[in-house]
Amino acid sequence: MTPSHPVLSARDLRRAYLVAGAPVEAVRGLSLEVQAGEWVAIVGPSGCGKSTLLNLLGAIDRPTSGQLLIRGRDVARMGDVEATRFRLTGIGFVFQRFYLMPTLSAAENVELPMAEAKVPRAVREARARELLTYVGLGGRTDHRPFQLSGGEQQRVAVARALANRPALLLADEPTGELDARTGEEMIALFDRLNRDGTTIVTVTHDEELAQAARRVIHMRDGVIVDDQVRRPLDPAPRSA
Amino acid sequence: MLVATRPGAAVERVGRRIEASDTRVSALSTEAALRFVDERLSYFRQLAFILASVSLLTGFLLVTTLVTVSVNERIGEIAVMRAIGIARERIVLQVMLEGLVLSVIGAVLGLGLGLVTAQWLNGILSAFPGLPAAFDFFRFEPSAAVRSLGLIIGCGIGAGLWPAWRATTLSIAQTLREEAVA
Ligand SMILES: Nc1ncnc2c1ncn2[C@@H]1O[C@H](COP(=O)(O)OP(=O)(O)OP(=O)(O)O)[C@@H](O)[C@H]1O
Ligand SMILES: [Mg+2]
């Protein structure tokens, strides 16, 4: 992989919603490149189109126009089956409200995407345990979501997002439902993930989360108004 | 009085001759007698058919409603599953299976209840004076039970169709957004 190979490349992305018959653009001609190993925080006033953009980047929504390449693949033109497959193996999602399956244990929640990707049982059980240990929940693998605190549930959600080793981790307000201390722990987890090589894009109102990211993008009215790299990527390891 | 005819004889004509010979006698061929009983019974059959159809329709609507409610309740969950890459078919399968399981449970309970009720009614009706001892009003026919079960399974699958379709054609982003507001 060349050092500047972008994981994500968006060109003139637009997304319009029909409101009372008239199109309203939530994302209006946005271009963005994210390199492997980056951690980007997208901030901006409520309603400026952050979630809309993140949904486009995660292939759960389709742009009205524009080009979106993730790992060189044209996400905007994918059909439903292909997009679903792409989300399964290429993207990890963390939501504000955790959204774990309430009837499954922590380990089963983490195994769910792996089972869908037809990972053999023994492999996925081992990986689920490993991931839960990584996020600090090694002793809670058999707990159901209702037996876990909000911060713990969000950790399980992070482990689930990483299950199929996605190229990109997307998180919409991952600390939005957490108190200050648990939020800090979550930020520390994202930091560790990023240092270990995960490319992350988070949308957030959380000033501390934005401060911790390597790069902060400010949005307003559906476009990027400011883009600052606060902590450059470590020099790429030389390949022989 | 039973009258036997030679094979090939015109039974109806013989009957008319007998009736003509004595006005106090009415002649009924075995065939006509069977037809007569059959007509009386067909009334009950029609009634049973109408009752069965109404129950089936009610059951169908009930299962559709139950599955729809259960899908609506988990619509956020379903959107999340779709978002993390669970295929449409798996969700369709799961929703349809739910309808099927509900229907089969209903069918088994219904069959049990039906058997008990039939036996009870049979007991009451058979106690009527003057009936032959071996006379049964209700009889359990395995083939009819199998046919009904097949019909119910078909209905169970059909009942899941609409909620399953709803569950998989939802807009993922929109549903997640609505869930976040709720
Ligand atoms: N499904 C929709 N139909 C109509 N309008 C929508 C829809 N989804 C979003 N919008 C509009 O698009 C704009 C951007 O919404 P979006 O959710 O992306 O904002 P956001 O930056 O994530 O806001 P917040 O910080 O409050 O989460 C808003 O004006 C919103 O009302
Ligand atoms: Mg948002």
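Each chain gets a letter, A, B and so on, in the order its sequence line appears, and its residues count up from 1.
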Indicate the atoms forming the closest heavy-atom contact of B/Glu179 with A/Arg97, along with that distance.
-> O-NH1, 3.4 Å

Are the side chains of A/Asn55 and B/Arg177 in touch, meaning some heavy atoms are under 4.5 Å apart?
-> no

Does the side chain of A/Arg87 reach to within under 4.5 Å of the side chain of B/Arg82, using non-hydrogen atoms?
-> yes

Atom [atom1] of [X] with >12 non-hydrogen neighbours under 6.0 angstrom:
X: B/Phe49; atom1: CZ; value: no
X: A/Arg192; atom1: CZ; value: yes
X: B/Glu19; atom1: CD; value: yes

Carefully, step by step, assess B/Val80 and A/Met101 under the rule side chain to side chain contact (heavy atoms under 4.5 Å, CB included).
-> CA-CA 9 Å; B/Val80 170; A/Met101 297 302 131; 4.0 Å; yes

Pairs touching residues 44-67 of chain B that satisfy salt bridge (Lys or Arg N to Asp or Glu O under 4.0 Å), sequence neighbours left out = B/Asp38-B/Arg45

With chain B, the option among A/Pro102, A/Ser51, A/Pro166, A/Ala59 that has the most non-hydrogen atom pairs under 4.5 Å is A/Pro102

Out of A/Asp61, A/Thr84, A/Thr89, A/Asn164, which one racks up the most heavy-atom pairs below 4.5 Å with chain B?
-> A/Thr84

CE on B/Met81 to OH on A/Tyr99, rounded to 0.5 Å = 13.5 Å

Partner of A/Ile60 under side-chain contact (heavy atoms from CB on, under 4.5 Å), picked from B/Thr175, B/Ile84, B/Leu176, is B/Leu176

A/Phe95 versus chain B, heavy atoms under 4.5 Å apart: side chain, backbone, both or neither?
-> side chain

